[in-house]
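Computed from heavy atoms alone, side chains included, the values below leave out hydrogens, waters and symmetry copies. In what follows, chains carry the letters A, B, and so on, assigned in the order in which the sequence lines appear, proteins first and then strands, with residues in each chain numbered from 1.
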Number of protein chains: 2
Amino acid sequence: MLTKSSTELVRQRNSVLVLATLRRHGPLAHTEISDHTRLSSATVSAITADLERAQIIEKSEQQPASGRGRPRVLLRQRRDCGYLIVVIISSDAVQYSLVDYSGKLIDRFSEERSHDPDGAARFVTGVREGLERILSRSRIEREKVLLISISSKGLVNSSEPVLVWSPIFGSDQIDFESALKPDWKAKVILDNETLLVAAALGAREENVKGADFRSLAALSLGHSIGLGIVRRTSHGGHDVSAPNFGHMLHMANGGLCRCGTRGCIEAYAGFYAILRTAFEVPLDTIPAKFVPLAELDKIAARARQGHRISGFAFRQAGLALGNGLSRMLSLTERMPIAITGVGTRYYDLLRQGIEEGLGQSHVVRMEGMPELRVVADEQILVFEGHLNRALAVIDEDIVVAGVQGGTEDVSVPK
Amino acid sequence: MLTKSSTELVRQRNSVLVLATLRRHGPLAHTEISDHTRLSSATVSAITADLERAQIIEKSEQQPASGRGRPRVLLRQRRDCGYLIVVIISSDAVQYSLVDYSGKLIDRFSEERSHDPDGAARFVTGVREGLERILSRSRIEREKVLLISISSKGLVNSSEPVLVWSPIFGSDQIDFESALKPDWKAKVILDNETLLVAAALGAREENVKGADFRSLAALSLGHSIGLGIVRRTSHGGHDVSAPNFGHMLHMANGGLCRCGTRGCIEAYAGFYAILRTAFEVPLDTIPAKFVPLAELDKIAARARQGHRISGFAFRQAGLALGNGLSRMLSLTERMPIAITGVGTRYYDLLRQGIEEGLGQSHVVRMEGMPELRVVADEQILVFEGHLNRALAVIDEDIVVAGVQGGTEDVSVPK
DNA sequence: GATTTTTTTCTCGACAGTCGAGAAATTTAC
DNA sequence: GTAAATTTCTCGACTGTCGAGAAAAAAATC
């Protein structure tokens, strides 16, 4: 409320609103936009006329008229209005996707990540090459790429695209903004991977529940532990954050974590930690850099057959997660928790520990156990989260940059 | 962004903006308002004319002109525009304050709270009587009371004025909305006490640092433990919350807390917990209902003289606080922590434990120790927080209700 | 095939809000 | 007494939204 308002701002907001509903519901007719936005028909006319003149949306060609009356003309985003590159960094590969303004996937490939530790600088070079490659494969002009949206596990600066800490590079910070500035005019954004999962799930949930949706947490189980939280703000938007959950303190002076601290949640619930407990390796052993999934599958199999120590390892992981989640819930409101990631394949073994860990706290005793649900297809959710956020950013930027472009040959009156 | 914008909304927001700057900086002239709000002079004229017509603000009488040129006419809130009653519930008393629309204290008294446990229903009756008393003492019309702002320790529903859990009444919920509806047309709001402290400190901090202020936490030490967090939102407002920090899980299966759960932070850092540790009473002993401060002072004195167990009790309290704060910081961004409440008198004994507890976590190792500062005068901060929030709510309500009231005798043209 | 009905889109005038520029008011300086 | 300085107020231009009704276009009906 610290900043003034003006009529131009009104137009900007309403323009963004129109573009957002177009995103949400696909191509719409004039009347439908009016219904969804609660803007008057006249206002919709004015706004869509502007957007059309600025080459941001277009009338789709004649529909085979369904029903009588004047046939609808659908409005949709112009695909060639701009492009988006999505970069998903995971522990063993980097995936590049080229997407047009309508959200349609145009091209995609993955590049294996070498596991060499000499790290950050080399890695950035690789990303720059990857970006060049996807651009050149497409024949799209460089200037038409409006946004590069990157995601990674780890801790991300909330205002700038800087990877502050990651399981891969540790405290070797990566500033994507300055790394890509020489090559690209496009804006660069960086988000935590689980944050995007939460964003995607929040959007889905709101589509189902509407205004009843309040908040939701996504917990990603894997080599490392991620948490994303999404909350509806007072004015209808979504506020989304990715706290440093995996390295929240679970137990003072506890097991040694990859990050070098003792007692992090990850030091009990990460894959390497489960391995460590299952093999009864001392808790202050420096953890393995990478754990093959097959190794964990074996432990899980043994646990399911009743092997005590193996079962204990998963139970202890669950306890750490449950305690951590209860602490999170003490600091927020009650919200459902969606569990995702490769680790969900061990959910049968983790569940009891998680619920016990949750049950040990005041919040859960008072408000009851939060809803726990397992959600598969983390990869799809990550991409969906990218699109949600990135395209919204593009819409906003385009409108704010000014919707006056286009062919200025309106100067022939009569 | 889900909701449409309109020109009326623009006027509303800008009117609220004008009232807010008037709150912040005291009586201001036309030009000064224009400077602070960045609204044009013409707009300020239009808005202030409306507000004046609606009897919300008034021109102050002639100032002794300082400097040459046409003398300024200061605008200020009309005191009699409406009134606010502030109710501060503490463990041993309830304080009632009557405040006019300009924020000036008109009347105040406290009523001792009987320590009888028969609780909630009786207590509510007491509050209703207290409100009647402060009204009748003042000769103000009941309808002129626009807002009743209540605060208490404990857990508060974020949307409705319902006390969900409190150290005094436990889980006996109190719904102030429905309790006061029969007597009062005024709106009723309820906030956690430490939330108000955080709000007040946040406002002060922003006055000093301006846009550099990002966030801040207030930790209140006393019989129970309170935490308030204030953050600047993207559009310049303040987002403030009071998580259930005192009953966040400190240690699974730990000491028994007043709330009936085991291992809460309060079960280590509350006054009764310090007492329990100092006297080597078993950790599962049901805690004392109320601890005289003199008792704690004695333990503190012994600790300062080197008595081992007494010192250990404070150290352990500090550790619980430090661990808890580190967990909070894992879920938020780095922020300074202001420590307040009666317990600050033992800060010399707590400090080492707090810092050690903080230091055991990944965040603090990475980002460094957060700034810790001791802030006295918690009572003043609570009241200040009440005024900040309540008067802002009143301004908003008045403007939204419509600024068209007042004398409609403008119908004589020429 | 002409007319009516239905549905959608577009246009016009009214109204609300902000802004810049300059007029009006009013005091101090010389 | 006049000029300069400073503050407040007013006017016209511009931008925005809205409701109502005109215009467009296809299906239904006679």
Problem set entry | Distance in angstrom units between B/Glu32 CD and D/dT7 C1', rounded | 11 Å
Problem set entry | Length of the line joining A/Leu75:CG and C/dT9:P, which is rounded to integer Å | 8 Å
For this session: Report the distance from atom CD1 of A/Ile47 to atom C1' of D/dG16, rounded to the nearest whole Å.
Result: 9 Å
Seminar exercise, completed: Residue pair A/Arg38/B/Ala29 against DNA chain D: nearer the 5' end by closest nucleotide is B/Ala29
For this session: Can you sort out the partners of A/Thr233 under side-chain hydrogen bond (donor to acceptor under 3.5 Å, both in side chains), two or more places apart, ordered by chain and number?
Result: none
Problem set entry | Nucleotide D/dT17, atom C1' - distance to CZ of A/Arg13 in whole Å | 15 Å
Exercise. To the nearest Å, how far apart are A/Leu9 CG and C/dC19 C1'?
Worked result: 14 Å
Exercise. Contact class for A/Ala49 (heavy atom, under 4.0 Å): base, sugar-phosphate, or nothing?
Worked result: nothing
Exercise. Any Lys/Arg nitrogen of A/Arg214 or A/Glu333 sitting under 4.0 Å from an Asp/Glu carboxylate oxygen of the other?
Worked result: yes
Exercise. Nearest-Å distance, CG (A/Leu28) to C1' (C/dT8)?
Worked result: 14 Å
Problem set entry | Which residues share a side-chain hydrogen bond (donor to acceptor under 3.5 Å, both in side chains) with B/Glu384, sequence neighbours left out | B/Arg204
Problem set entry | All side-chain hydrogen bond (donor to acceptor under 3.5 Å, both in side chains) counterparts of B/Ser5, not counting sequence neighbours | none
Exercise. To the nearest 0.5 Å, what is the distance between OG (B/Ser149) and CG (B/Leu196)?
Worked result: 6.5 Å
Problem set entry | Matching residue for A/His238 among A/Arg389, A/Glu206, A/Arg232, A/Arg231 - test: side-chain hydrogen bond (donor to acceptor under 3.5 Å, both in side chains) | A/Glu206
For this session: Looking at every strand, decide which applies to A/Thr31 at a 4.0 Å heavy-atom threshold: base, sugar-phosphate, or nothing.
Result: sugar-phosphate
Exercise. Any side-chain N or O of B/Lys4 less than 4.0 Å from the OP1 or OP2 oxygen of D/dG16?
Worked result: no
For this session: Applying salt bridge (Lys or Arg N to Asp or Glu O under 4.0 Å), name anything that partners B/Glu143, two or more places apart in sequence or on another chain.
Result: none
Please list each protein N or O that sits under 3.5 Å from an N or O in nucleotides 10-17 of chain C, with the distance.
{"residue": "C/dC10", "atom": "N4", "partner": "A/Ser41", "partner atom": "OG", "Å": "3.2"}

Problem set entry | Face-on cation placement of A/Arg23 at A/Tyr101 ring, 6.0 Å and 45° thresholds | yes
Problem set entry | the helix from C/dG1-D/dC30 to C/dC30-D/dG1: angle between end helix axes, five pairs per end, rounded to 10 degrees | 30°
Exercise. After noting the C-alpha distance and the side-chain angles of A/Met335 and A/Leu216, does the key distance pass the side-chain contact (heavy atoms from CB on, under 4.5 Å) rule?
Worked result: CA-CA 5 Å; A/Met335 58 180 77; A/Leu216 182 144; 5.5 Å; no
Problem set entry | d(CG, B/Leu17; P, C/dT18) in whole Å | 11 Å
